[in-house]
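Below, chains carry the letters A, B, ... as their sequence lines are ordered, and counting in each starts from 1. Values below: all heavy atoms of this structure, side chains included; hydrogens, waters and symmetry mates excluded.
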There are 2 protein chains.
Amino acid sequence: MTHAPMNRAQRLRLTIEDEIVNGVLRPGARLDEAQLAERFGVSRTPIREALLQLAVTGLIEVKPRRGAVVSMPDPTRLLEMFETMAELEASCGRLAARRLTPEHQAALAAALEACRAAAEAGDLAEYYAENTVFHAVIYRASRNGFLCEQALALSRRLAPFRRIQLRARNRVGQSFAEHAGIVEAILSGDEAETAARARAHVLVQGDRFSDLILSLGRDDAAA
Amino acid sequence: MTHAPMNRAQRLRLTIEDEIVNGVLRPGARLDEAQLAERFGVSRTPIREALLQLAVTGLIEVKPRRGAVVSMPDPTRLLEMFETMAELEASCGRLAARRLTPEHQAALAAALEACRAAAEAGDLAEYYAENTVFHAVIYRASRNGFLCEQALALSRRLAPFRRIQLRARNRVGQSFAEHAGIVEAILSGDEAETAARARAHVLVQGDRFSDLILSLGRDDAAA
DNA sequence: TGCGCGCTCGTTGGATGCAAGAAAGCCCAG
DNA sequence: CTGGGCTTTCTTGCATCCAACGAGCGCGCA
């Protein structure tokens, strides 16, 4: 229902974006036009167009005459991005608390339940997936399509850095508890409380990540 | 200090973006590749690249095989965008209230004073310019570079639609009063109050614009 | 006379070719 | 043996060219 026939550049953009978001292409990885062109069986033109577009989203960086690499924000910038994400989540949550419809309420409950199941099963990959869904449901519940898109975009952009974090000890259990708290606040219609909890939920990730940053060192420059 | 030597596509992107933001190219205007190429004395390739990038930012829309036009969001989406802008402004204000440094405090005072001067002089164009500066100062005072960029980007995207609005009766006077209120809240360090005032300040524009939408009708389809 | 079909033309999508800039290797001098 | 400058080579930037898709128009048929 969503997309009309897309041209090559658009499809390539989505494909490459997915590879970045899903960790196939790691931050710091170099993106050679000719190489990608050969890999996808197209000429350099659509590849260039795709890369240029990804550069605008911030997922990659192109330096003039120097080619493109997957963005590797420094710790400060990453913290700023997480803080911004926290603000967006807070805004979505606040609006959701104000405007919750029965449909969105049901979706929220279902997403929370799926998180619970994954958490109790101890299935990390599954929890990661359901966590993503849960947040997307909140974005949608804000009933602001544009805000929802912005939140999703930043979320995707941060995915490469959030991915590794759930491994932290018992983070899954704590994360789920926070989810439940957010839902509770939304259901009670308390805008301020919802915003505060949503913000805190994301900021915790931001805090955790600094350990991560230090731990991963330089090992992503390879391949 | 900011930009290294840029290639043609980047410069074209900035140029065209400016023309859109400053109202030279109005929403709905068609962007013909060959035409632009001739106008700027380059081939279609960098033009295409620039347009594709602008499409990602949302300033223009490209429909496959159908060419590009300056975005003309429908009223609903425009409201959503203003609401999102209000949230971003609220976040910036809140963080500014928490983190205000003497330098940013001085910048804030200066920007407010410039607004006052323009408002009292009744100079609409000047007020518009100083208003833009004032908001940018708040973004920066959040001390979150990424959030600041996001706010600026959305602000630019909304510029074509905000531009016409200050003409409303006495909006300038009211706007200045709101600015003063926001500054006051920031100086007092009251995060919640700052956020509320910043949000309201932007939302008022959003409300006003619906009249606008209806009033401008279809006259932008022309060149 | 009104409607549908096909053709032409204009515009965009993509490929290829060429030139210019940057990085890496090489040679020579100290 | 080491450092600096040149050259070579690889990659990107841009222009040109061809193909494919859409839109608008005219013709023919009911």
Side-chain angles (χ1 to χ4, degrees), chain A residues 2-17 19-20 25-72 218 220-223, chain B residues 2-17 19-20 25 27-72 218 221-223:
Chain A
T2 127
H3 22 222
M6 293 199 310
N7 53 31
R8 262 172 245 213
Q10 303 306 314
R11 271 179 311 208
L12 287 168
R13 180 164 73 83
L14 292 184
T15 303
I16 298 175
E17 181 178 327
E19 294 202 349
I20 296 174
L25 291 168
R26 305 255 293 282
R30 196 191 159 86
L31 299 163
D32 183 84
E33 295 179 3
Q35 199 171 300
L36 289 169
E38 188 183 13
R39 196 183 132 201
F40 291 110
V42 298
S43 84
R44 277 178 46 223
T45 307
I47 297 284
R48 277 182 67 77
E49 292 178 350
L51 293 183
L52 253 354
Q53 289 184 285
L54 286 175
V56 173
T57 71
L59 264 179
I60 73 174
E61 287 170 23
V62 299
K63 302 207 207 70
R65 294 268 173 205
R66 299 274 228 67
V69 296
V70 179
S71 289
M72 193 165 47
R218 292 298 84 186
D220 8 58
Chain B
T2 124
H3 23 220
M6 294 198 312
N7 53 30
R8 257 171 252 213
Q10 302 308 312
R11 272 178 311 204
L12 286 169
R13 180 166 72 84
L14 292 184
T15 303
I16 298 174
E17 181 179 326
E19 294 202 350
I20 296 173
L25 291 168
R30 195 189 160 93
L31 298 164
D32 183 84
E33 294 179 3
Q35 197 171 302
L36 289 169
E38 188 181 14
R39 195 181 133 201
F40 291 110
V42 299
S43 86
R44 275 179 47 223
T45 306
I47 296 283
R48 278 184 66 77
E49 291 178 351
L51 292 184
L52 254 353
Q53 288 184 284
L54 286 175
V56 173
T57 71
L59 265 179
I60 73 175
E61 287 170 23
V62 298
K63 302 206 201 69
R65 293 274 174 200
R66 298 277 226 64
V69 295
V70 179
S71 289
M72 193 165 48
R218 291 298 85 187

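- Here A:Arg44 lies in heavy-atom contact (under 4.0 Å) with a base.
- For the pair B:Thr45 and D:dC14, the criterion of a side-chain N or O lying under 4.0 Å from OP1 or OP2 is not met.
- For A:Arg65, the listed nucleotide lying nearest its side chain is D:dT12; candidates were C:dA15, D:dT12, C:dG14.
- At C:dT12, none of the side-chain N or O atoms of B:Arg48 fall inside 4.0 Å of OP1 or OP2 (strictly under the cut-off).
- Using a 4.5 Å heavy-atom threshold, the side chains of A:Leu59 and A:Ser71 count as separate.
- In B:Glu38, the CD atom is not crowded: 12 or fewer heavy atoms of neighbouring residues, nucleotides or ligands sit closer than 6.0 Å.
- Considering only the side chain of A:Arg8, C:dA15 comes nearest among D:dC14, C:dT12, C:dA15.
- Under the 4.5 Å side-chain criterion, counting only non-hydrogen atoms from C-beta, A:Ile16 is in contact with A:Leu51.
- Across the protein-nucleic acid pair, A:Met6 atom CE and D:dA20 atom P stand 21 Å apart, rounded to whole Å.
- If you measure from atom CD1 of A:Ile47 to atom P of C:dG14, you get 11 Å, rounded to the nearest angstrom.
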Might you work through the side chain to side chain contact (heavy atoms under 4.5 Å, CB included) test for A:Val69 and A:Leu31, ending with a clear yes or no? CA-CA 5 Å; A:Val69 296; A:Leu31 299 163; over 6 Å; no
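- Following rounding to the nearest Å, B:Lys63 (NZ) and C:dG13 (C1') show an atom-to-atom distance of 17 Å.
- The nearest whole Å value for the distance from the CZ atom in B:Arg66 to the P atom in D:dG22 is 9 Å.
- Listed nucleotides: C:dA15, C:dT11, D:dC14. Nearest to the side chain of A:Ser43: C:dA15.
- Remark: C1' of C:dG13 and CG of A:Leu52 are 16 Å apart, rounded to the nearest angstrom.
- Using a 4.0 Å heavy-atom cutoff across all strands shown, B:Val62 reaches no nucleic acid atom at all.
- Note: CG (A:Leu31) to P (D:dC10) measures 20 Å, nearest angstrom.
- As rounded to whole Å, 15 Å separates atom P of D:dC14 from atom CD of B:Glu33.
- Look at CG on A:Asn7: it is 15 Å from C1' on D:dA19, rounded to the nearest Å.
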CA sep, side-chain torsions, deciding dist, call: A:Gln10, A:Gln53, side chain to side chain contact (heavy atoms under 4.5 Å, CB included): CA-CA 9 Å; A:Gln10 303 306 314; A:Gln53 289 184 285; 3.3 Å; yes
